[in-house]
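Remember, it's 1-based here, ligands and their atoms both numbered in the order they're listed.
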Amino acid sequence: MSANTSNSPRQLDAVIVGAGFAGLYMLQKLRSEGLNARVLEAGEGVGGTWYWNRYPGARCDIPSFQYSYQFDEKLEQEWEWKERYAPQPEILEYANHIVDRFNLAPHIQLKTKVAEAVFSEEENRWSITTTGGERFRAAYCVMATGCLSAANDPEFPGKDSFAGETYHTGRWPHEGVDFSGKRVGIIGTGSSAIQSIPHIAEQAEHLYVFQRTPNYSVPARNESLDKDFIADIKSRYPEYRAFTRDQLIAWDVEMNEKTAAELTPAELRTECERRWELGGLYFYGTFADMLLDQDSNDVVAEFVREKIREKIDDPVVADALTPTSVFGCKRVCADTGYFETFNRSNVSLIDIKDSPIDEILPNGLRVGEASYEFDALIYATGFDAMTGALDRIDIRGKKGLSLKEKWLAGPRTYLGLATANFPNLFIVSGPGSPSVLTNMITSIEQHVEFISDCIGYMKAKNLSRIEASLDAEDDWVDHVNEVAGSSLLLGCNSWYLGANVPGKPRVFMPYLGFPPYVEKCESVAAEGYSGFQLS
Ligand code: FAD
Ligand code: NAP
């Protein structure tokens, strides 16, 4: 995993930015096709999300036997997931296993942050420069920089004055943190906070939770995986995976084929209770129209609200923790003992919905007239999702056009894979693709295979430039918006809409519907990459 120490740029067929699940598979795929490809990764290790997010309680919320690669049958058979929802260390171990198994390490350069990527129209090549000044030239540049990798660091007045320890869940210290005997403040109540709060509360002397918006969370019901269950899945993995790829969100949520209107009140209740017992994100499958029809959604939302209220002793705290929005218009969370944590005497909920944080103080923070004192402050404030990691690189296409400027009013892509005026640049899980609305590893594999097939096609036809056409891009953006508009997903201030980052344009970024998306990509490829200009 060594760096290039000479002054001349290293010549490559493809530079891949990022060593998460997207970058690792892209590397494996392009190298297996005979390309000289290299991964540049800012972190000191591979795994992306699972390298950075080491906060206590971090684990996946899609069952591990689904949240894993399916491109290699032997890998699928040999890897043993131990828990229904694998914890972060196990997923990280899996990422490292991929590197070893496919001998990827020599082609991955760690501690290498890409600062700039510039397209040369004369040469049809990308020039990539790192923050350390190292340079690379490549025919193709693949951004595998992640949808949830650029931390959101809100600019509170006085932020730098805090004298205690400060953490962000997405940049958690590798050696772990011991909060024993400490007063701790945590800002945010999204998935990362919901997973970590029960653990931190067990250690801390006192935990202050600053909540702007309550979230729907359902018990994860994590458990050790039964050997017979796994043997059964493994005996029919290809067929099972094919079934999951046919699902709206690319994983088996046991989707109910009936709409809420087709069921009697007693049947609605039974189905909600069944989902509650199944746990976690299986709630996405409660009714076929749950994300499309307000009445259907209300049934689920009210059921989960009722369950939340039952868990909390203090009715005022219960009210504050009970969400009112559309169920699922923000990513639903899966927890283990989250709401029960607020019954502890060493945990205080501070509702900052109507009175936001005014300033960070050297020893705590102030909300209106009230000050809260603590020794450590945790930002569980999420990510500048989908566009943040790309915006943080100076990416320049034809005529020096900057991607950040092109996307000032919101990201514009063709299929979330490419963007007009940026030839030979591919994005894995870009805005406009199903990505964060799916089992992401399945989406990543589909993108990687599309990109590698496309590069193979270019090679076979002796072509050197591919670029999304503006018309195809405009049509695709309209379609993404139209699909989102026909759902209930626009109904709250979610990070899907960029609403968590001040000043970010309010645009629904992911595409809802994995199967129609795959069908579209397949027809684009079959038509010789329609919507792209090739030369
Ligand atoms: P990432 O894993 O984010 O990797 C991107 C890599 O690019 C990072 O290592 C980053 O350091 C690197 N990078 C970025 N910019 C640069 C640069 N300029 N130079 C060099 N390197 C750069 N999805 C699910 O489907 N199911 C789950 O259960 C689930 N749980 C999640 C839990 C957490 C805590 C988070 C934050 C996300 C979760 N996700 C989940 C989404 C998760 O991000 C994806 O599933 C998947 O891991 C993304 O892989 P990736 O390779 O696309 O991106
Ligand atoms: P998040 O869902 O965006 O939550 C961030 C929290 O910080 C929200 O409660 C937000 O409030 C709050 N916040 C942000 N800025 C704030 C400000 N200026 N003042 C006060 N509060 C502020 O981020 P996340 O929890 O890191 O999760 C992001 C995504 O990663 C998830 O949705 C999920 O896709 C993935 N993830 C998955 C898991 C898992 O279970 N496998 C775990 C963690 C993360 P508002 O809601 O009001 O904006």
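- Ring pair Trp81/Trp79 is perpendicular by interplanar angle, where above 60° counts as perpendicular and below 30° as parallel.
- The atoms of ligand 2 that sit less than 4.0 Å from any heavy atom of Thr213 are 45 (P), 46 (O), 47 (O).
- The pair Arg331-Asp61 counts as a salt bridge, with a side-chain nitrogen and a carboxylate oxygen less than 4.0 angstrom apart.
- Note that Lys307 lies outside the cation-pi zone of Phe339, set by a 6.0 Å cut-off to the ring centre and a 45° limit from the axis.
- For ligand 2, the atoms sitting less than 4.0 Å from at least one non-hydrogen atom of Arg59 are 39 (C), 40 (O), 41 (N), numbered in the order shown with element in parentheses.
- Ser192 N, 2.8 Å is the protein heavy atom nearest to atom 25 (O) of ligand 2.
- For the 3.5 Å distance criterion, the side chains of Ser127 and Arg137 qualify, holding a donor opposite an acceptor.
- Among Lys330, Arg331, Arg212, the residue whose heavy atom lies nearest to atom 46 (O) of ligand 2 is Lys330.
- Looking only at heavy atoms of the protein, atom 4 (O) of ligand 2 is closest to Gly190 CA, 3.5 Å.
- Atom NZ of Lys311 is surrounded by more than 12 heavy atoms from other residues, nucleotides or ligands within 6.0 Å.
- Here the shortest heavy-atom distance to atom 9 (O) of ligand 2, taken over Thr49, Asp153, Thr169, Thr189, belongs to Thr189.
- Nearest to atom 32 (O) of ligand 2 among the protein's heavy atoms is Trp495 NE1, 3.0 Å.
- Annotation for Lys404: atom NZ does not count as buried by contact number, only 12 or fewer foreign heavy atoms lying within 6.0 Å.
- Per-residue contacts place Ile187 under 4.0 angstrom from the following atoms of ligand 2 (heavy atoms of the residue considered): 20 (C), 21 (N).
- Shown are Gln88, Gln195, Glu90, Glu83; of these, the side chain to side chain donor-acceptor pair (under 3.5 Å) with Arg59 is made only by Glu83.
- The local environment of CD in Glu369 is sparse, with at most 12 non-hydrogen atoms from other residues, nucleotides or ligands closer than 6.0 Å.
- Looking only at heavy atoms of the protein, atom 38 (C) of ligand 2 is closest to Ser191 CB, 3.7 Å.
- Atoms of ligand 2 lying under 4.0 Å from at least one heavy atom of Cys60, given by number and element, are 41 (N).
- Arg38 places no side-chain N or O within 3.5 Å of a backbone atom of Ala14 that could act as its donor or acceptor partner.
- The protein atom (non-hydrogen) at minimum distance from atom 6 (C) of ligand 2 is Ala380 O, 3.2 Å.
- At least one cation-pi condition fails for Arg506 and Phe508: the charged atom is not both under 6.0 angstrom from the six-membered ring centre and inside a 45 degree cone around its axis.
- Trp276 and Phe283 have perpendicular rings, their planes meeting at more than 60° on a 0 to 90° scale where under 30° would count as parallel.
- Aromatic ring centres of Phe426 and His447: separated by at least 6.0 Å.
- Under a 4.0 Å criterion applied to the non-hydrogen atoms of Leu148, ligand 2 contributes the atoms 29 (C), 30 (O), 34 (O), 35 (C).
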Does ligand 1 have any N/O atom under 3.5 Å from a protein N/O, and what are those pairs and their distances?
{"residue": "ligand 1", "atom": "2 (O)", "partner": "Thr49", "partner atom": "N", "Å": "2.8"}
{"residue": "ligand 1", "atom": "2 (O)", "partner": "Thr49", "partner atom": "OG1", "Å": "3.3"}
{"residue": "ligand 1", "atom": "9 (O)", "partner": "Glu41", "partner atom": "OE1", "Å": "2.7"}
{"residue": "ligand 1", "atom": "9 (O)", "partner": "Glu41", "partner atom": "OE2", "Å": "3.0"}
{"residue": "ligand 1", "atom": "9 (O)", "partner": "Trp52", "partner atom": "NE1", "Å": "3.4"}
{"residue": "ligand 1", "atom": "11 (O)", "partner": "Glu41", "partner atom": "OE2", "Å": "2.7"}
{"residue": "ligand 1", "atom": "11 (O)", "partner": "Trp52", "partner atom": "NE1", "Å": "3.1"}
{"residue": "ligand 1", "atom": "18 (N)", "partner": "Val114", "partner atom": "O", "Å": "3.0"}
{"residue": "ligand 1", "atom": "19 (N)", "partner": "Val114", "partner atom": "N", "Å": "2.8"}
{"residue": "ligand 1", "atom": "21 (N)", "partner": "Ala42", "partner atom": "N", "Å": "3.1"}
{"residue": "ligand 1", "atom": "25 (O)", "partner": "Met440", "partner atom": "N", "Å": "2.8"}
{"residue": "ligand 1", "atom": "28 (O)", "partner": "Asp61", "partner atom": "N", "Å": "2.7"}
{"residue": "ligand 1", "atom": "28 (O)", "partner": "Asp61", "partner atom": "OD1", "Å": "2.8"}
{"residue": "ligand 1", "atom": "43 (O)", "partner": "Thr49", "partner atom": "OG1", "Å": "2.7"}
{"residue": "ligand 1", "atom": "45 (O)", "partner": "Tyr67", "partner atom": "OH", "Å": "2.5"}
{"residue": "ligand 1", "atom": "47 (O)", "partner": "Tyr67", "partner atom": "OH", "Å": "3.1"}
{"residue": "ligand 1", "atom": "51 (O)", "partner": "Phe21", "partner atom": "N", "Å": "3.0"}
{"residue": "ligand 1", "atom": "51 (O)", "partner": "Ala22", "partner atom": "N", "Å": "2.9"}

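- Residue Tyr55 approaches ligand 2 through these ligand atoms, each under 4.0 Å from one of its heavy atoms: 42 (C), 43 (C).
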